[in-house]
There are 2 protein chains.
Amino acid sequence: MDDKLVKYSAPVLRRLPMYHHFLQQLKHQGLTTISAAVLAKHFNLDGIIVRKDLALTGSVGKPRVGFEIAGLIKTIEEYLGWNKLNRGVLVGCGNLGKALLGYEGFSQNGFNIDAVFDSDPLLVGTQVHGKEVLPLSKLPNLCLRMHTEIGILTVPSSQAQSVAELMVEGGIKGIWNFSPSGLNVPRGIAVLQQSLAGSLAVLVKQVEDIKK
Amino acid sequence: MDDKLVKYSAPVLRRLPMYHHFLQQLKHQGLTTISAAVLAKHFNLDGIIVRKDLALTGSVGKPRVGFEIAGLIKTIEEYLGWNKLNRGVLVGCGNLGKALLGYEGFSQNGFNIDAVFDSDPLLVGTQVHGKEVLPLSKLPNLCLRMHTEIGILTVPSSQAQSVAELMVEGGIKGIWNFSPSGLNVPRGIAVLQQSLAGSLAVLVKQVEDIKK
DNA sequence: ATTCAATCGATACGAAAATAACGATAACTG
DNA sequence: CAGTTATCGTTATTTTCGTATCGATTGAAT
C-alpha cells in the first residue's frame, strides 16, 4: 500500500547539518539555550527559515528563551537518521576519495564507509586511512552481502558510468557522484550529482553581482 | 544608477557546467548537433528544463535538428564567464585542498588558482601540484595586489573564521567554504557553503524514500 | 508539392521555497 | 501583580522553480 507521500525538502536537509555542527560547538562552550535569531545570523540566514526548519524536526522552543541546545541536537540527529548507523562504500582513491575518507564529518555523524575500491592494481591492497583498498571486481558481491545502500563515486569521469553499473549490480540504491558525468541508471536508483564546477559557477556569478 | 536587476538562477548555474562537460565529450566523438531531449535524458532531467536553461544562455536551436554542439559550448562558456580568466586563492592544503588543486575541471574551464596558503609551517615552502605553499600571513597583501576575488577555504572548522577574516582583509569578494562552520563576514561578501554533510543527508533521505 | 513528424520556443500552470505578517506565550521589570 | 518585551509558532503572501500545454518551424517522406 502506498505510503502517505513522505515529504522531505532538500534545502532543509542541507541546512540542518550546519545547525547541528554549530550547536555542538555551543554545547562544548557550556551554553544551554539559543534563539533561532542567533542561529540564523551565524549562517546569514533569515530567522524565519531557521524556525521553520527546526519546527520540521519537531523541536519546540520557549518564548523569550529559545531552544534547548541539547534537545535540538538530539531532534536534528533523529530527523536526519544520524542516531542509526548509515553505511556506504567509496570507489576511487584519488585525491578526492582520500579527502572524503578522512572527513571527520562522516564518522562523527554516524556514517561509516564499509569498504574502499579502486581499479588501479597499484593501489589495491594498500591502506588508506586505515582501510584496505579492494579491487573493483569485489564490489557487487560485497555490497550485496552487506546490504550497502550508498555508493560514493570519486573516479575520473571516463570510468564513472562503468563503476555506477557495478554499484547497481551490487544493489546500491543511491549514488553520490563527484564526477561531472551524468550517470545512466535504472529507475529506482537515486543519483546525487555533486557538481563542483556548478558550485563555483554560482559563486562567481554572485561575486559579479556584488561588484555593481 | 541601479543596474537592471541582474537575474541569475542557482539551479541553472549548477546544471550548465554538466551540459558543458557532456557536450565536449560529444564534440570529441565527432557529433555536431544534439537535441535538448537527448541532453536531458543523459542527466535524468526533463527536456523542458534543458531547453529553458539553454534559452537563458542565448542559444538557439533548429526544429527537427536540435542545437549545434560547438555553438552551445561557446554560448554556455560565455554565459558562465569561462572565456574570461577567473582566479582565486586556496587556503588549507589538507586532503581536500590537494584534491581541489588537482581538479582538472577548474583549469579546463578558465579558473586558475593563483596561490596556495597554509598555516602549518611544515607545509609552507613545499610544492603541491606545482604550486608553492605560502604562509597565511602573506594572504591579504597578495590578494590585494592581484585583485583576487575568490577564496577557497579548506581548513579545519576551528580555523575557518580567522582565515575568512584574512580573506576579507585581502579584498576577497566570495568565499567557497568547505568547512561546516558558518562564517561571519561583512555585508557585500558572498559565502557559498559547501556542506558535504548536507549533500549526504539529502541522498540518505532519497534512498529511504525509494525503499517504500 | 504536400504531408508528416520531430523539435524548438513561448505561454500558462502548479508546486515548492523564501519572506512577511501577526497573534500567543513566557520571562523579565517595576 | 500588571505591563512590557523578546521569542516562538502559525498563517498568509510573494517569488522562484519545475512541469505542462500548444503553436511554429524545419527537415524528411510520399
Side-chain angles (χ1 to χ4, degrees), chain A residues 4-16 18-19 23 26 31-69 71-72 75-76 79 193 195 198 201-202 205-206 209, chain B residues 4-16 18-19 23 26 31-69 71-72 75-76 79 190 192-193 195 198 201-202 205-206 209:
Chain A
K4 267 249 179 298
L5 234 300
V6 184
K7 289 299 254 184
Y8 61 86
S9 146
V12 175
L13 289 173
R14 290 182 186 281
R15 286 190 294 263
L16 287 177
M18 311 196 320
Y19 304 157
L23 290 168
L26 296 179
L31 298 182
T32 57
T33 61
I34 187 175
S35 77
V38 172
L39 200 52
K41 193 182 174 191
H42 190 255
F43 292 101
N44 292 311
L45 295 173
D46 192 306
I48 306 172
I49 288 194
V50 175
R51 268 184 292 163
K52 290 184 92 168
D53 288 352
L54 298 183
L56 234 126
T57 67
S59 309
V60 285
K62 273 205 291 191
R64 186 104 190 180
V65 174
F67 294 81
E68 201 211 338
I69 291 177
L72 264 191
T75 50
I76 289 177
Y79 185 83
Q193 196 80 17
S195 166
V202 172
K205 277 281 179 192
Q206 286 177 346
D209 230 38
Chain B
K4 269 244 177 301
L5 234 302
V6 184
K7 289 299 252 184
Y8 61 86
S9 147
V12 176
L13 289 173
R14 289 183 185 282
R15 285 189 296 262
L16 287 177
M18 310 194 323
Y19 304 157
L23 290 168
L26 296 180
L31 298 183
T32 57
T33 60
I34 186 174
S35 76
V38 172
L39 201 50
K41 193 183 175 192
H42 189 254
F43 292 102
N44 292 311
L45 294 173
D46 192 307
I48 307 172
I49 288 194
V50 175
R51 280 199 310 241
K52 290 183 90 169
D53 289 351
L54 297 183
L56 232 124
T57 67
S59 308
V60 285
K62 273 205 292 191
R64 186 100 193 184
V65 175
F67 295 81
E68 201 212 338
I69 291 177
L72 263 191
T75 50
I76 290 177
Y79 185 83
L192 182 66
Q193 197 79 19
S195 167
V202 171
K205 276 281 181 194
Q206 285 178 347
D209 230 37

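Note that the coordinates shown come from a computational prediction; the quantities given were computed from them, not determined experimentally. Sequence lines set the chain letters: A, B, ... in the order given, protein chains first and strands last, and positions in each chain run from 1.
For Lys52(A) against dT19(C), a side-chain-to-base donor-acceptor contact under 3.5 Å is present.
When each of Gly66(B) and Asp53(A) is assigned the nucleotide of DNA chain C with its nearest heavy atom, Gly66(B) is the one assigned upstream, toward the 5' end.
For dA18(C), the OP1/OP2 oxygens have a side-chain nitrogen or oxygen of Arg15(A) closer than 4.0 Å. A sub-4.0 Å separation between OP1 or OP2 of dT7(D) and a side-chain N or O of Lys62(A) is absent. Considering only side-chain N and O atoms, Ser9(A) lies under 4.0 angstrom from the phosphate OP1 or OP2 of dA17(C).
In this structure, the CG atom of Asp46(B) is 14 Å from the C1' atom of dA15(C), given to the nearest Å. To the nearest angstrom, P of dA17(C) lies 16 Å from CD1 of Ile48(A). Counting to the nearest Å, the C1' atom of dT7(D) and the CD1 atom of Ile34(A) are 13 Å from each other. Arg51(A) places its CZ atom 13 Å from the P atom of dT19(C), with the value rounded to the nearest Å. The CG-P distance, from Leu54(B) to dG9(C), rounds to 9 Å in whole Å.
Side-chain proximity of Arg64(B) to the nucleotides dG27(D), dC8(D), dA18(C) is greatest for dG27(D). Here dA6(D) is the nucleotide among dT7(C), dG18(D), dA6(D) with the atom lying nearest to any side-chain atom of Pro63(A).
Across all strands, Val65(B) comes closer than 4.0 Å only to sugar-phosphate atoms, never to a base (heavy-atom distances). Across all strands, Val60(A) comes closer than 4.0 Å only to sugar-phosphate atoms, never to a base (heavy-atom distances).
A heavy-atom distance below 4.5 Å is found between the side chains of Leu45(B) and Tyr19(B).
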